[in-house]
2 protein chains.
Amino acid sequence: MNILEKISQDMLEFSKSEKKVAEVILANPQVAIHSSIASLAKMSNVSEPTVNRFCRRLDTKGYPDFKLHLAQSLANGTPYVNRHVDEFDSPAEYTNKIFESTMASLEVARQSVDVAMVNRVVDLLTQARKISFFGLGASASVAHDAVNKFFRFNVPVVHFEDILMQRMSCMNSTEGDVVICISHTGRTKSLVEVANIARENDATVVGITSPDSPLSKACNYVLTLSVPEDTDLYMPMASRIAQLTLIDVLATGFTLRRGNKFRENLKRVKDTLRGSRFNRPENS
Amino acid sequence: MNILEKISQDMLEFSKSEKKVAEVILANPQVAIHSSIASLAKMSNVSEPTVNRFCRRLDTKGYPDFKLHLAQSLANGTPYVNRHVDEFDSPAEYTNKIFESTMASLEVARQSVDVAMVNRVVDLLTQARKISFFGLGASASVAHDAVNKFFRFNVPVVHFEDILMQRMSCMNSTEGDVVICISHTGRTKSLVEVANIARENDATVVGITSPDSPLSKACNYVLTLSVPEDTDLYMPMASRIAQLTLIDVLATGFTLRRGNKFRENLKRVKDTLRGSRFNRPENS
DNA sequence: ATTTCGTTTGTAATTTTATTACATTTATTG
DNA sequence: CAATAAATGTAATAAAATTACAAACGAAAT
């Protein structure tokens, strides 16, 4: 496992001085690998043995071994740690931090996905009479995006942003219909109600949400996503991206299930767009 | 450069004893990185200074530095590569592949972002009288999402999916208005027309698109994103995610520029949502 | 507030590891 | 077969990391 991730993950378990060390390393891991234990201790305002203990806490043999691990993590070109943006960041800094923490979140999300459940939901979707995607707020655009994918499959796809329309649509659902409810927190009342209405009308309800949430309890099937959301800025960011990627996974599973001939259909949909585009100089 | 390759490449320049060292390392690099200079010397039947000289010949500072380089070379299992989904992938396989290639694309996207331009666009946005987000197809949901972010800033934000509405909206734009046009290919005719209309009416047009596209030429400012899109399945995936992340960057830049007090506003917007939610057992 | 215990942290000694300076050997060329 | 340059090794030195132990700190109990 990437030791940088491990550091930020174990941050809570560290003692005060160990945290100092952790911060210095996370702030500038490239410098850390080229420092001796003495200079790293000085940079962190901590004694040398503390640095050593810090290394051992991370299950390395000692400082040199730790450096090796660190070097390897950095070599991956992936210091994808969820680094928080702060007030004094330059544009370059916050840009990189956001990209990196998005990648870090995706990695976490990937590990939290229940593949068996993905498979089951893909099953459901391929057999669905009608598929609905509902989300509110930030998740509305995820639902929107899902429609954009699934309509290509030539399956009836439904999507409303309006709560009343969502409710009415669910009222009319029947067995064989699949309703996908998207919510990061899973605590949006109206969406839980929508899920309940759908179930009362025999639709199969699938939630894309966090585990143990009210929404997850209202669903027949739940695709859980545990994403560390940086709530400092009060805007949903990583959760959304993870949801979208999961939608991609479902869409891909769908096309794979339908087989080769089906994929030729997709190409046709794409080719239809050509008329609306400026052609490339060469090739498409 | 990968130091293992460098070793085998420089093999001819090595002296007899150095060759011994090189061979031992190449034969089992994993062992080498966990050995001290003494044990490596013994393994190679060579003295310690010879090992040291060997390291220096490879342009490293000494043995420990050499080990760092070696460790990095070994770490390169090249993690997030854009691995293409194929027909016979199991759910676990395609799930992982999609997550990983999404991360890989984000990494590429990150490197392609022009930070100075980000800064300029943030400038523009903070001074805008009105901000419009337009996109079609898959980019429509990105625009949708952008609205969800920027409306929190208490700035007039506009978004239409309908082409005619987009055109009309641009007709009414004036100096001080910022129009953001989102398109992966930058070849969607209607969107280029929308951009032109906006410019004719003195709005500032910003494109989030690929370089050298017709759309990029129609804009005052262009935020280019070069994302390797897996076109096998004929669905926009990575491009979208990169666009969304860039929107996050812009939104973050915006809040940072506006300063601390402003961020308290954001918290208020978020708190307003609380009434519509099921509360958490503890805490918010 | 004060004592006590457990934890955390630092100081100083020790050990390990790497590097340097120099001597010896080995090859190379006239 | 010298003479010289290059390569290698030995031993001393320096640097770095680790250990053992003592001081400081903080939480719980009196």
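In the text below, chain A, chain B and the rest are named by the order of the sequence lines, each starting its count at 1.
For the segment residues 32-49 of chain A, residues with any heavy atom less than 4.0 angstrom from an atom of DNA chain C are, sorted by number, A/V46, A/S47, A/P49.
For residues 113-124 of chain B, the pairs satisfying side chain to side chain donor-acceptor pair (under 3.5 Å) are B/N119-B/R257, B/D123-B/R257, with sequence neighbours left out.
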request  = Run the numbers on A/I208 and A/I247 for side chain to side chain contact (heavy atoms under 4.5 Å, CB included), then give the verdict.
outcome  = CA-CA 9 Å; A/I208 296 184; A/I247 295 288; 4.0 Å; yes

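For the pair B/F150 and B/L250, the minimum side-chain heavy-atom distance is below 4.5 Å. Taking 4.5 Å as the limit, every side-chain heavy atom of A/V205 sits out of range of all side-chain heavy atoms of A/F134. Taking the side chain as every heavy atom from C-beta outward, A/L68 and B/L68 approach each other to under 4.5 Å.
A distance of 7.0 Å separates CD in B/Q30 from NE2 in B/H34, rounded to the nearest 0.5 Å.
Nucleotide D/dA7 holds its C1' atom 16 Å from the CZ atom of B/F54, rounded to whole Å. Atom CG of B/L68 is separated from atom C1' of D/dA16 by 14 Å (rounded to the nearest Å). If you take NZ of A/K16 and C1' of C/dT7, they are 12 Å apart, rounded to a whole angstrom. Rounded to whole Å, the distance from CG on A/N52 to P on C/dT8 is 16 Å. A/R57 has its CZ atom 10 Å from the C1' atom of C/dT8, to the nearest Å. Regarding A/Y63, its OH atom lies at a distance of 16 Å from the C1' atom of C/dT16, rounded to whole Å.
Nearest to the side chain of B/S15, among C/dT9, D/dT8, D/dT18, sits D/dT8. Of the candidate nucleotides C/dT9, D/dA17, C/dA18, D/dA17 has the atom lying nearest to any side-chain atom of A/P64.
B/T60 and B/D65 share no side-chain donor-acceptor pair at under 3.5 Å.
In this structure, A/K61 does not reach the D/dA17 phosphate: none of its side-chain N or O atoms is under 4.0 Å from OP1 or OP2. For C/dA21, neither phosphate oxygen OP1 nor OP2 lies less than 4.0 angstrom from any side-chain nitrogen or oxygen of B/R53.
Nucleotides of DNA chain C nearest to B/D65 and A/S17 differ in position, and the one nearer the 5' end is that of A/S17.
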